[in-house]
Amino acid sequence: QVQLVESGGGLVQAGGSLRLSCAASGRTFSIYGMGWFRQAPGMEREFVAAIDSSGGTMDYADSVKGRFTISRDNAKNTVYLQMNSLKPEDTAVYYCAVSRSALVTTRPLGYGNWGQGTQVTVSS
């Protein structure tokens, strides 16, 4: 079973950038797709970005397209989320997750392992 640890969250002003990292344990990291989700207070968890096992296919929520970039380094068992041009509405706890398959999926039920989350706060 893969265990995940997110890092890189924090407080940033609107227009700023942050880079989230998600380090995975286990030897099977490279065969699974990965995803990032977020959850704001009082809101449901929502899809942010996903990447397939090879890193060749990505998908993004419309709200972050053109601002966020997901990538992965299978040699380091790590997936990243580069967040640029941050907005106050991006404020949330961000979670990384391991897909149940090698493909990109946007559905939370398509993920089997979740990290503990990292807080991102964007001030106006």
Side-chain angles (χ1 to χ4, degrees):
Q1 185 170 353
V2 177
Q3 294 186 332
L4 306 171
V5 178
E6 300 102 332
S7 61
L11 173 64
V12 63
Q13 289 188 332
S17 298
L18 283 174
R19 189 194 196 201
L20 304 184
S21 298
C22 175
S25 64
R27 299 179 181 178
T28 58
F29 173 81
S30 63
I31 69 174
Y32 293 108
M34 297 292 295
W36 286 96
F37 290 75
R38 67 187 180 186
Q39 188 168 18
M43 305 292 285
E44 293 187 355
R45 190 168 297 189
E46 66 172 357
F47 168 75
V48 175
I51 190 168
D52 72 350
S53 61
S54 70
T57 301
M58 288 77 77
D59 195 9
Y60 298 92
D62 288 343
S63 59
V64 307
K65 278 181 182 176
R67 300 188 298 123
F68 291 11
T69 302
I70 188 171
S71 62
R72 67 189 295 162
D73 185 338
N74 285 342
K76 296 182 178 180
N77 278 14
T78 302
V79 63
Y80 304 97
L81 186 68
Q82 178 67 44
M83 306 186 293
N84 299 328
S85 302
L86 283 161
K87 305 175 181 180
E89 51 263 44
D90 294 318
T91 295
V93 177
Y94 283 71
Y95 300 88
C96 69
V98 183
S99 173
R100 300 182 190 276
S101 77
L103 305 177
V104 164
T105 180
T106 65
R107 302 175 300 111
L109 289 178
Y111 292 82
N113 295 86
W114 295 80
Q116 83 288 350
T118 185
Q119 176 70 48
V120 171
T121 303
V122 184
S123 63
S124 58

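Quick caveat, the model's predicted, so the values are computed rather than measured.
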**Study point:** Residue pair Val120, Arg38: steps toward the side-chain contact (heavy atoms from CB on, under 4.5 Å) verdict
**Key:** CA-CA 9 Å; Val120 171; Arg38 67 187 180 186; over 6 Å; no

**Study point:** Pair listing, side-chain hydrogen bond (donor to acceptor under 3.5 Å, both in side chains) test, anchored in residues 95-108, at least two apart
**Key:** none

Check your understanding: Which heavy atom in Tyr32 sits nearest to a heavy atom in Val98, and how many Å separate them?
Key -> CB-CG1, 3.6 Å

Review point. If you count the non-hydrogen atoms of other residues, nucleotides and ligands that lie under 6.0 Å from CD in Gln3, is the total more than 12?
Key: no

Review point. With a 4.5 Å heavy-atom cut-off, do Gln119 and Thr91 have their side chains touching?
Key: yes

Check your understanding: With ring centroids as reference points, do Trp114 and Phe37 lie under 6.0 angstrom apart?
Key -> yes

Practice item. Test Ser17 against every option in Arg67, Met83, Gln82 by the side-chain contact (heavy atoms from CB on, under 4.5 Å) rule and name the one that passes. Key: Gln82

**Study point:** Interatomic spacing from OG in Ser63 to CZ in Phe68 - rounded to 0.5 Å
**Key:** 7.5 Å

Review point. Stepwise, does the side-chain contact (heavy atoms from CB on, under 4.5 Å) test hold for Arg19 with Tyr80?
Key: CA-CA 7 Å; Arg19 189 194 196 201; Tyr80 304 97; 3.6 Å; yes

Study note, to complete from the structure: Per side-chain contact (heavy atoms from CB on, under 4.5 Å), Leu81 is matched among Val64, Leu18, Val48 by Val48

**Study point:** Value rounded to 0.5 Å, distance of OG in Ser71 from CE in Met34
**Key:** 11.5 Å

Study note, to complete from the structure: By side chain to side chain donor-acceptor pair (under 3.5 Å), Thr69 pairs with (sequence neighbours left out) none

Check your understanding: When you check the gap from the basic side-chain N to the acidic O, do Lys87 and Asp90 get nearer than 4.0 Å?
Key -> no

Check your understanding: Between atom CG of Leu20 and atom OG1 of Thr78, what is the distance when rounded to the nearest 0.5 Å?
Key -> 12.5 Å

